[in-house]
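Note that this is a predicted model, so its numbers are computed, not measured.
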Amino acid sequence: DSLDIAWGFFCDEKFQDLRHAICRNAEEMARFRKLVVNCVLATNPFDEELVQFRADRWIKAFGSESDPENVQDLRATVVMEHILLAADIGHTMQHWHSFKRWSERLFFESYSLFNSGRLKVD
C-alpha cells in the first residue's frame, strides 16, 4: 500500500530532522500518523461507511452539543479531511483535458472497488 511505503520513507533515518520538526515525541508521532491515515481515507468518496463516519465526526465536532474546548483537534482534523476530499474531486472544475484524465482514473479506481466487493454499485 502506498501509504505504508510513504510512511516507511518518512520514518527513515534520513528524515529524522523532518520528523522531529513535525513530532517532538512518540505521542505526537502517533497523532500525526492518525491524521495522515484519516486524510488519505478522506479521499474515498465511495465507501458508504467512511462517508457516514465523516458525517458523524462533523456533527460531533461542529454540532450544537459540541464543546469547543474539547473538540479543537477533532475540528482541525475534520476540516482537513473535507478539504482533501474537495481537492480530490476538484478535477471536475478543471480544463477538459485534466477533467478527462482524472475522470478516467476515478472510473478505473471505482471499477476496481466494485470488482473487489468494496463498492456496491457498478
Practice problem: Report the distance from atom SG of C11 to atom CZ of F15, rounding to the nearest 0.5 Å. | Solution: 11.0 Å
Quiz item: Say you draw a straight line from CD of E81 to CG of L74; how long is it, rounded to the nearest 0.5 Å?
Solution: 8.5 Å
Exercise. Identify whether L106 and F114 are in the same connected component of the hydrophobic contact network (ILVMFWY, side-chain heavy atoms under 4.5 Å).
Key: yes
Quiz item: For the side chain of R54 and the backbone of H82, is there at least one donor-acceptor N/O pair under 3.5 Å apart?
Solution: no
Quiz item: Short question: side chain of S112, backbone of F108 - any donor-acceptor pair under 3.5 Å?
Solution: no
Exercise. Compare all side-chain heavy atoms of H20 with those of Q16 and state whether any distance is below 4.5 angstrom.
Key: yes
Quiz item: How far does CH2 of W96 sit from CZ of R101, to the nearest 0.5 angstrom?
Solution: 13.0 Å
Quiz item: Do the non-hydrogen side-chain atoms of F62 and V78 ever get within less than 4.5 Å of each other?
Solution: yes
Quiz item: Honestly curious: do V51 and F53 fall in one hydrophobic cluster under the side-chain, below-4.5 Å linking rule?
Solution: no
Practice problem: Taking only Lys NZ, Arg NE, NH1 and NH2, and the carboxylate oxygens of Asp or Glu, determine whether R33 and D4 approach each other closer than 4.0 Å. | Solution: yes
Exercise. Mind checking the CZ-CG spacing from R31 to D73? Nearest 0.5 Å is all I need.
Key: 3.5 Å
Quiz prompt | Atom CD of Q72: over 12 foreign heavy atoms under 6.0 Å | solution = no
Quiz item: Would you say R118's side chain and L113's backbone share a donor-acceptor pair under 3.5 angstrom?
Solution: no
Quiz item: Do F10 and F32 have ring centroids that are under 6.0 Å from one another?
Solution: yes
Quiz item: With hydrophobic residues grouped by side-chain heavy-atom distances under 4.5 Å, do L50 and L3 end up in a single group?
Solution: yes
Quiz item: Quick one: CG on D12 to CG on L18, what's the gap to the nearest 0.5 Å?
Solution: 11.5 Å
Self-check item: Electrostatic pair K60:E65 at N-O distance under 4.0 angstrom
Solution: no
Practice problem: Would you check if F9 and K14 make a side-chain contact, meaning some heavy-atom pair closer than 4.5 Å? | Solution: no
Self-check item: pair N38-M80: side-chain heavy atoms closer than 4.5 Å
Solution: no
Quiz item: Is it the case that one hydrophobic cluster holds both V36 and I22, taking links as side-chain heavy atoms less than 4.5 Å apart, direct or via other members?
Solution: yes
Self-check item: Heavy-atom closest contact (R75 atom, A61 atom, distance)
Solution: NE-O, 2.6 Å
Self-check item: pair M29-R24: side-chain heavy atoms closer than 4.5 Å
Solution: no
Quiz prompt | Euclidean distance, H97 NE2 relative to K100 NZ, rounded to 0.5 Å | solution = 8.5 Å
